[in-house]
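Keep in mind that this is a model prediction, so the values were computed, not measured. By convention in this document, chain letters (A, B, ...) are assigned in the order of the sequence lines, proteins followed by strands, and residues within each chain are numbered from 1. Computation of the quantities below employed the complete heavy-atom set of this structure, encompassing side-chain atoms and omitting hydrogens, waters and symmetry-equivalent molecules.
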Amino acid sequence: MVDIGLKPVEPYSFVATTRRLVRSEKALYRVRDGQFLRVLRIQGRPIPVEIGWESGQVRVQTTVELGTREREILARLIRRMFSLDVDLGPFYEHMKKESPLAPIIEERKGLHFVLDPSLYECLIKTVISQQLNLSFAGRLVYRLVELAGETIRYGDEELPVFPTPEQVARLDYEDLQKLQFNRRKAEYVIDLSRQVADGELDLEGLQSLSDRQVVEKLVALRGVGRWTAECLLLFGMGRPDLLPAADIGVRNAVKKAFELDGQPTEAEVREWGEGWTPWRSYVTFYLWDYLTEG
DNA sequence: GGCCAGGTGATGG
DNA sequence: CCATCACATGGC
């Protein structure tokens with residue numbers, strides 16, 4: 001039995017931060033009266049975890065017995081995933097005179113990233129999402145999880161576990177084509193998983209590199225372009241200053257916020273974004289939220 | 001029915 | 001080097 005309270009750096013809004021999970025992460029997060037339920041791997045062992053908010057803290061619970069070391073790892077993972085140590089004060093200060101973004105940002109005070117628990121999971125989900133509308137992409141992720149991952153029982157629920165690289169590496173391209181992946185995407189997902197499983201691709205080793213070095217390493221992989229590399233830096237690593245300027249969502253959000261007639265080009269978005277340094281990831285994230293949540 | 005989705009690599013000039 | 005294209009499917 002584990003019950004941990006984790007205090008975030010203020011300002012922090014749990015409701016705003018987890019809203020995205022309800023909408024587009026249904027494959028892996030179950031919602032039960034304001035609480036989130038998902039399986040996290042702690043030292044390779046799948047642990048079902050309940051995550052909620054109580055009196056100013058993130059409350060993490062599981063009925064599974066954990067040792068001291070495992071509890072520490074779990075606490076650290078949750079702190080990283082929910083960005084509990086990120087101080088957004090300087091971001092709000094930096095953006096408060098940026099018209100017309102300031103009010104959009106102000107409305108979302110306390111909204112933080114929710115990072116994926118592993119870079120592998122982030123990479124696979126991002127590759128699957130390439131060029132697809134979010135709802136179809138989410139369905140493909142869920143089908144992959146169902147096909148390749150295991151499930152574990154927690155109370156009266158059967159919970160999906162995101163597959164390991166080894167589990168996906170064992171699939172054939174045709175298995176994913178049957179799930180309505182296009183041929184090339186099936187190849188990307190399986191080939192990348194095989195490289196991770198074989199130890200050719202050390203994703204966690206990227207953590208020590210600069211943004212530029214990470215992009216350089218990742219775009220060398222088949223199926224990974226600049227957009228995917230930047231998303232990994234954003235949603236896998238929580239790096240604060242990435243601007244996926246070619247991204248259709250960012251461009252549509254800029255169009256909406258600045259009331260432009262047409263979609264801005266990648267170069268135009270980059271030019272505007274220069275003033276947002278060193279917080280461009282958070283601007284991106286707030287723009288996506290603005291676009292999807294109004 | 002056509003066009004676009006939180007792109008990418010293959011192809012052909 | 002740059003423009004164009006296919007890719008699976010769903011939503012509008």
How would you label the contact of [X] with the nucleic acid (heavy atoms, under 4.0 Å): base, sugar-phosphate, or nothing?
X        : result
A:Leu132 : base
A:Val224 : sugar-phosphate
A:Gln263 : sugar-phosphate
A:Phe235 : base
A:Leu221 : sugar-phosphate

(Q) Tell me whether the rings of A:Trp53 and A:Tyr12 are parallel (<30°), tilted (30 to 60°) or perpendicular (>60°). (A) parallel
Distance, rounded to the nearest Å, where [X] contributes [atom1] and [N] contributes [atom2]:
X        : N     : atom1 : atom2 : answer
A:Ile128 : B:dT8 : CD1   : P     : 14 Å
A:Arg226 : B:dG9 : CZ    : P     : 14 Å
A:Arg183 : C:dA6 : CZ    : P     : 19 Å
A:Asp289 : B:dG6 : CG    : C1'   : 14 Å
A:Leu140 : C:dT9 : CG    : C1'   : 8 Å
A:Lys178 : C:dA8 : NZ    : P     : 15 Å
A:Lys185 : C:dC7 : NZ    : P     : 14 Å
A:Phe181 : C:dA6 : CZ    : P     : 23 Å

(Q) Has A:His112 got a side-chain atom pairing as donor or acceptor with A:Phe14's backbone, closer than 3.5 angstrom? (A) no
Q: Would you mind telling me which residue lines up with the more 5' stretch of DNA chain C, A:Ser135 or A:Arg184, judged by nearest nucleotide?
A: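 So the residue in question is A:Arg184.
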Distance test, side-chain N/O of [X] to OP1/OP2 of [N], below 4.0 Å:
X        : N      : value
A:Thr228 : B:dT8  : yes
A:Arg222 : B:dA10 : yes
A:Gln131 : C:dG10 : no

Q. For the salt bridge (charged side-chain N to carboxylate O under 4.0 Å, His left out) test, which of A:Arg184, A:Arg183, A:Lys185 pairs with A:Glu187?
A. A:Arg183
Q. For the side chain of A:Asn182, counting heavy atoms from C-beta on, which of B:dT8, C:dC7, C:dT9 is nearest?
A. C:dC7
Q) Considering only B:dG6, C:dA8, B:dG7, which nucleotide approaches the side chain of A:Phe136 most closely? A)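 The nucleotide sitting nearest to the side chain is C:dA8.
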Hey, does the Lys NZ or Arg CZ of [X] hover above the aromatic six-ring of [Y], less than 6.0 Å from the centre and inside 45° of the axis?
X        : Y        : result
A:Arg108 : A:Phe91  : no
A:Arg41  : A:Tyr120 : no
A:Lys26  : A:Tyr142 : no

Q) If we call it a pair only when both distances are under 3.5 Å in a Watson-Crick or G-U wobble match, what pairs with C:dG11? A)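 Check on C:dG11: paired to B:dC3, both distances under 3.5 Å.
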[N] to [M] separation - [atom1] atoms, rounded to the nearest Å:
N     : M      : atom1 : value
C:dA8 : B:dA10 : P     : 15 Å
B:dA5 : C:dC2  : P     : 24 Å
C:dA3 : B:dG6  : P     : 24 Å

Q: With DNA chain B as reference, determine whether A:Gly225 or A:Asn133 sits nearer its 5' end, using the nearest nucleotide of each.
A: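 Mapping each residue to its closest nucleotide by heavy atoms, the 5'-most match is A:Asn133.
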